[in-house]
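First comes the structure, then the notes that go with it.
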Amino acid sequence: MDKYEQVIELAKRRGFLWNSFELYGGTAGFYDYGPLGSTLKRRIEQIWREAYVIREGFMEIESPTIGIEDVFVASGHVGGFSDPLCECKDCGEAFRADHLVDKIVAVADALSDKELDNVITENNIKCPECQGELGKTYEFNLMFRTNIGPGNGRTGYMRPETAQGMFVNFLRLARFYREKLPFGATQIGKSYRNEISPRQGVIRLREFTQAEAEIFIDPNDKKHPEFSRFADKEVSLYSDDAQEREKVEKMTLGEAVENGTIAHEFLAYHIGLTDHFLQRIGITADKMRFRQHKKDEMAHYAIDCWDAEIETDRFGWVEVVGIADRTDYDLKAHAAISNTELSIYREYSEPRMVTQFVVKPDMGKLGPLFKSKAKDAANALKSLSREELEQENITIMVDGEAMTVPRDVVKFAEETVKISGENIIPHVIEPSYGIDRIFYATMEHAFEEEMVSGKEDSEEEKRIVMKLEKEVAPVQVAILPLLTREELIIPAKEIEKQMKDRGILVSYDDSGTIGRRYRRNDEIGTPYSITIDYDTLEDNTVTIRDRDSMKQVRTPVEGIADIVYEMIYGNRKFESAGQAL
RNA sequence: GCGCUGAUGGUCUAGUGGCUAUGACUGGGGCCUUCCAAGCCCUAAACCCGGGUUCGAAUCCCGGUCGGCGCACCA
């Protein structure tokens, strides 16, 4: 059994991850999060919220998981994401049908599937691999398509990323943030891609959870006001160049910006934030790196893109976060399709006086002369130069006809005007997290097997322990009466209530021996176990056991929920929680 | 989607054309038990689905589903 198998086996058995629809045989690409899995996932998402929503101030929004066609036409998902595929009937190899004929037809990518089939048949094109016969061309689009409303309702698609929900709300968001760059919005939610053959458990799903931030920044100022927070942070960078040499480089983010490895401060800041986040939820620092997209793999609209990658036992380096500078591509695309200007007015630090040549047609005179064509005439006049306007009789083209107008229908002058700002289209910095992959990596990195000696004279035995960060552990404390006896159960239940009142997720367990219960909790990563014994009845103290060290301290019951809370969320060390045993 | 390969209680697993389908762990109930998977008793729980061959299929054949690996795909 490799580590992946061990982790998945435990995840299934203990209620972290289940194959969806198992009752009916299951379907590839879908997973259920069980009771502990949902809780762990939510805790990871909550820390993400803390980092992005609370700390960065990028408020969370929620948009539909179904989108209308226009949105994905603009985003490029309808056209660009639908490739004509064609398979060999003999060897089964799949090819891009348009690529097969692009030497024969100039506009191969503009042909319909039928036309492609015709070209293939007419030119007797065979499988490039085995010379076998080719099947019919079909469109393969990775979006799930659906209908909105009954009958021939509007076409809709399950969103392939949450990002578009933020882009289409750009103007509303800009207003919400009082038109000041930079601002950002975030969204945590499900996205859908109809993968051809999903594999690798939760690494490639058809329905998955993304946490994305779209940060709108000034295209002329990609510095970050708080860059000092991460400037000295050392990260593992696998840049385009470094990939050529196959050598990951460690450097501080400050250096990386300085020497041009990372395009600019804003991107570097977010690489720092991602590094910080992943380690906080328990990803091992030396199993992490940032890999830069190579020039040829980068999406055409991005100018720099870094993936956070995590090393896993079976799958090697897995991409879990993409941090891209998407420039103004998305806003421009939506502006074009929606016919709406998606820009923001930016005031200059001080107004600029600009001298310009201004033409003012006299509409009172042009009206009677040109009637309904007066507006065209005015526009024609505006496009003339000073020299042309200074002629005694001015010649203009109106509706394809040359006309002559007297000089007094138009006034013109050099004017100095005050310009206090301009409309700019912000650039977008996008950190995009794949939560399910991060979830798996968190479990794998927390998973440990160790040999421990149990009772005296007994042999060493294997202990499986999930060393989850205390903050993400689904069950936070276990309440264990040492023996299944009424007099111990009563105070145990009271402590359980104290914990619940403090908002701590507690698991009460009185079945089986104490050792068995400790191990059960080790396996699900419960950081602390509280045991109630006969001394409790004497002096109202209990023991707290630390998951990782298996050490115990003795602590008064009074106020114990606060102590546990401080150990999980605060800085309190286990050793300070009571008297060491 | 193609090729190879596999599928037996919750988990891991034995097994074979023919008895009531093996075992361990786990779970539940109980006895016992004063801190790390102890012991004893009881108990629950499985042959992936559909067809075919056969007197008889969990076993053989075909198809499907799911998993793994390789190829392709991963905007």
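Only a predicted model underlies this, so the values are computations on that prediction, with no experimental measurement involved.
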What's the [atom1]-[atom2] distance between [X] and [N], to the nearest Å?
X	N	atom1	atom2	result
A/I464	B/C25	CD1	P	15 Å
A/I524	B/U26	CD1	P	16 Å
A/R159	B/A75	CZ	P	19 Å
A/Y518	B/A37	OH	C1'	13 Å
A/I203	B/G67	CD1	P	14 Å
A/L205	B/C74	CG	C1'	13 Å
A/Q200	B/C71	CD	P	11 Å
A/D522	B/C35	CG	C1'	13 Å

Please give the distance between the [atom1] atoms of [N] and [M] as a whole number of Å.
N	M	atom1	answer
B/C4	B/A44	P	43 Å
B/U20	B/A46	C1'	15 Å
B/U22	B/G15	C1'	7 Å
B/U11	B/G50	C1'	28 Å
B/U13	B/G23	C1'	8 Å
B/A72	B/U65	P	23 Å
B/G17	B/C61	P	12 Å
B/A58	B/C47	C1'	4 Å

Residues that [X] engages under ring-ring contact (aromatic ring centres under 6.0 Å, His included), provided they are two or more places apart:
X	answer
A/Y33	A/F439
A/F290	none
A/Y518	none

Go through the steps to decide whether A/W18 and A/Y31 satisfy the test ring-ring contact (aromatic ring centres under 6.0 Å, His included), and finish with yes or no.
CA-CA 6 Å; A/W18 295 323; A/Y31 267 85; over 10 Å; no
Is there a Watson-Crick or G-U wobble partner for [N] with both distances under 3.5 Å, and if so, which one is it?
N	value
B/U16	none
B/A46	none
B/C40	B/G30
B/G3	B/C69
B/U59	none

Base, sugar-phosphate or nothing for [X]? Non-hydrogen atoms, less than 4.0 Å.
X	result
A/E487	nothing
A/R463	nothing
A/F72	nothing
A/G201	sugar-phosphate

Closest to side chain of [X], choosing from [options]:
X	options	value
A/A28	B/G67, B/A37, B/C73	B/G67
A/T484	B/C35, B/U33, B/G68	B/U33
A/S511	B/U33, B/A37, B/G28	B/G28
A/S197	B/G1, B/U33, B/A75	B/G1
A/R193	B/G68, B/A75, B/C35	B/A75

Just to confirm, is there a sub-4.0 Å distance from OP1 or OP2 of [N] to any side-chain nitrogen or oxygen of [X]?
X	N	answer
A/R516	B/A38	yes
A/Y534	B/C35	no
A/R199	B/C73	no
A/R519	B/U26	no
A/T27	B/U65	no
A/T513	B/A38	yes

Scan [range] against RNA chain B and write down, sorted by residue number, each residue with any heavy atom closer than 4.0 Å; if none is found, say none.
range	result
residues 572-581 of chain A	none
residues 7-16 of chain A	A/E9, A/R13
residues 542-555 of chain A	A/T543, A/R545, A/M550, A/Q552

Could you list all the ring pair (Phe, Tyr, Trp, His ring centres under 6.0 Å) pairs where at least one residue sits in residues 193-217 of chain A, not counting sequence neighbours?
A/F170-A/F216, A/F183-A/F216
Of A/L483 and A/Y31, whose nearest nucleotide on RNA chain B comes first from the 5' end?
A/L483
Using the salt bridge (charged side-chain N to carboxylate O under 4.0 Å, His left out) criterion, which residues pair with A/E311? Sequence neighbours excluded.
none
Contacts of type salt bridge (charged side-chain N to carboxylate O under 4.0 Å, His left out), residue A/K493, not counting sequence neighbours
none
Going by the salt bridge (Lys or Arg N to Asp or Glu O under 4.0 Å) test, which pairs reach into residues 524-538 of chain A, not counting sequence neighbours?
A/D533-A/R554
Residues in side-chain contact (heavy atoms from CB on, under 4.5 Å) with A/I66, at least two apart?
A/T146, A/I148, A/M158
Side-chain donor/acceptor pairs under 3.5 Å, residues 574-581 of chain A, sequence neighbours excluded:
unit_1: A/S576; atom_1: OG; unit_2: A/R572; atom_2: NH1; d: 3.2
unit_1: A/S576; atom_1: OG; unit_2: A/K573; atom_2: O; d: 2.9

Answer yes or no: is there an ion pair linking A/R291 with A/E319, defined by an N-O contact shorter than 4.0 Å?
no
B/C49 base to A/Y24 side chain: any donor-acceptor pair below 3.5 Å?
no
Contact between [X] and [Y] at the side-chain level, heavy atoms closer than 4.5 Å - yes or no?
X	Y	result
A/M466	A/F447	yes
A/E212	A/E161	yes
A/L488	A/T536	no

Give a yes or no on whether the backbone of A/V78 and the side-chain of A/E69 come within a donor-acceptor separation of less than 3.5 Å.
no
Other residues, nucleotides, ligands: >12 heavy atoms within 6.0 Å of A/R154 CZ
no
